[in-house]
Every structure is written in C-alpha cells, then in structure tokens.
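Inspection log for the structure reproduced underneath, given as structure tokens.
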There are 2 protein chains.
Amino acid sequence: MKIGEIAKKSDLPIKTVRYYADIGLVTPSGRSDAGYRLYDLEALKQLIFIRRARSFDFSIDQCRELLALYTNHQRSAADVKKLASAHLEMIQKKQLELQHLHDELAHLVNACHGDERPNCPIIDFLG
Amino acid sequence: MKIGEIAKKSDLPIKTVRYYADIGLVTPSGRSDAGYRLYDLEALKQLIFIRRARSFDFSIDQCRELLALYTNHQRSAADVKKLASAHLEMIQKKQLELQHLHDELAHLVNACHGDERPNCPIIDFLG
DNA sequence: ATTTTACCCTCCAGTTACTGGAGAGGTTAT
DNA sequence: ATAACCTCTCCAGTAACTGGAGGGTAAAAT
C-alpha cells in the first residue's frame, strides 16, 4: 500500500501519515524502488487506532504509550485503565476550568446593555 | 519603569512582557541609554487588561481588538459585547465537545475491570 | 574602589501536532 | 508523448510563549 491508499483507508491526511512516519510513531514496512513509503495492514490498524485515540484528545506521546499497550499482548487492563483514567482526570479538570470561564464571561455579557453608549461592564471589569 | 518592575506589577513573566513588545501589543514608551525598555502607567494598565483577557482565554488577536476598544473612548458597548459573545459561543462549543469526550471515555474506563488480565474494553474499542 | 549580585539586552531554539507550498521526480492512462 | 496524478524532501509557519547562551549595565555591599 502506498501512502495515498493508507491515508484514505485510515481517514487521515497524507501529510499526517508522513508526519507519523517521521516521528517514528507508525513506520512504513519498507520503500519502493522509487522511494515511496510502503505500508502493510498492521500499519493501517495502528493508524486507525491512533486516529481514534487522538479524537479522544490523547496526545501523541499518550498515543505512543497506548499503541505500545495495544500491540503488546502482555499488557494488563490495569495499565490501560491507568493511562485512560489519568487522561479522564485531565479532561474533567479542563471541564471545570471551562465552566468557570463560561460562567464569568456569561455574567459579564449579560450585564452589558450592548447599545451605542460607550459604557460597558465587560471593559470595566477587564480594565 | 523598567521591565522587571512592570512585570511584577502586572503579574506577568518578564519574557511575556518582552514578547508583547516584540509583537507590538504593548510597546514601551521608550528606551534608556543602555537600551532598557521603559514603561509608563498606561502600559501597566494595558498589560493588566491583557492578562485578565488572556485568563478568559481570549487569543492575542482578540486581546488586540479588545485593547483597541478599551483605549478607544468612542467605542460602543455593542462592539465589546459582540466580541465577547462570539467568544462565549466558542467556549460553549468547546464545553459540549469536552462533555462528549468525557462521557465516552468515562464509559470506557468504567467498563474496564482494570486487573491483571490483558482483556481490556478500552483497547478493544480503540483498535 | 572593587566585587558581587541583580538586572537587562539580543538572538536562537524548542514546545504541539501538524499544514501548506516549492520544486523535483515517478506512474498511469490516453 | 503528453497530461494527469501520485510521491518525494525540505522549508516555513501556526499560538503564545519559554528556556538558555552570551554579554552588557546598575545598584548594593565590602
């Protein structure tokens, strides 16, 4: 499989697949005579795995760890759960921050009359 | 005021103040004989304003706009409210995405027994 | 007066995870 | 043969800083 085909099948941009090869995340199994990257089905599985993990906001480094657990059949569910739980905590923390931010800003926006007068509680609060 | 003093007073790292000067966000009023950046009280107000706006997740470009509205006494509350509302919408959108992410991941983490067996629903789902 | 300490400068590189483009070469179809 | 399409490498840019090297300046302590 050349890069265009695996990109389509994994639903990732070609540039991204090339990038993953560059950083050693998913390495092509070889090169053609012309120097084209060649991929096998294992690589395809890994790329799809990574796309899914990324869609869960796992960082590339976390994906690397997850991928190692994914391909290592000796890994225990505990290892995976630990990684995912830590990630979940980070997401929850972000959620709280965002909630706080939202409430404060919503309060200010509500307080602003929003007409042509220059007087504005949002600016007043920030300044 | 030299950069160290205004950094302390605005509660921003020196590096950041220098960076804001570089990108023309808050320019020093002048330079000393030795080439030190010199700031006045107006700059201090602006830096504090920006720090607060940044803490609300406004981007640097949005800060630039807000700052223009802040220093322009002709601006109307409508202009400010418009900017803040758009930002609020983005925050809400992010919140929804994060909520979705959280729910899915939490579901997976709950489903994972997390013991020494290699069988793991998280990996199963991703792979 | 000198030394130490603290401060300031510029420039370069790195962070995250790609993305866009230039310029060149390979492959396929008509 | 030529056009259309694919692939390659390398460079630069994104956002908003942060860290460090190497070197000059100012203020305080001795």
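Atom set for the values below is all heavy atoms of this structure, side chains included, hydrogens, waters and symmetry mates excluded. What you are looking at is a predicted structure, and each value in this text was computed from that prediction instead of being measured. Chain A is the first sequence line, chain B the second, and so forth, proteins listed ahead of strands; every chain is numbered from 1.
- As rounded to whole Å, 13 Å separates atom C1' of dC18(C) from atom CZ of Arg18(A).
- Within the nucleic acid shown, Arg37(A) comes within 4.0 Å of sugar-phosphate atoms alone, with no base atom in reach, counting heavy atoms only.
- The phosphate of dT16(C) (OP1 or OP2) has no side-chain N or O of Tyr19(A) nearer than 4.0 angstrom.
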All N/O pairs under 3.5 Å across the protein-nucleotides 23-25 of chain C interface:
unit_1: dG25(C); atom_1: N2; unit_2: Tyr36(A); atom_2: OH; d: 3.3

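- Checking Ile14(A) against Thr16(B), the closest nucleotide of DNA chain D that is more toward the 5' end is the one next to Ile14(A).
- For Asp22(B), the side chain to side chain donor-acceptor pair (under 3.5 Å) test picks out no residue, with sequence neighbours left out.
- Between Lys8(A) atom NZ and dC5(D) atom P the separation is 12 Å, expressed in whole Å.
- Rounding to whole angstrom units, CD1 of residue Ile6(A) and C1' of dC6(D) are separated by 16 Å.
- At the heavy-atom level, Ile23(B) lies nowhere under 4.0 Å from the strands shown.
- Within residues 51-67 of chain B, the residues that place at least one heavy atom under 4.0 Å from DNA chain D are, in residue-number order, Arg54(B), Ser59(B), Ile60(B).
- Regarding contacts with the backbone of dA16(D), every side-chain N or O of Tyr20(B) stays at 4.0 angstrom or more from both OP1 and OP2.
- Atom CG of Leu38(B) is surrounded by more than 12 heavy atoms from other residues, nucleotides or ligands within 6.0 Å.
- Spacing between atom CG of Asp33(B) and atom P of dC8(C) amounts to 16 Å, rounded to whole angstrom units.
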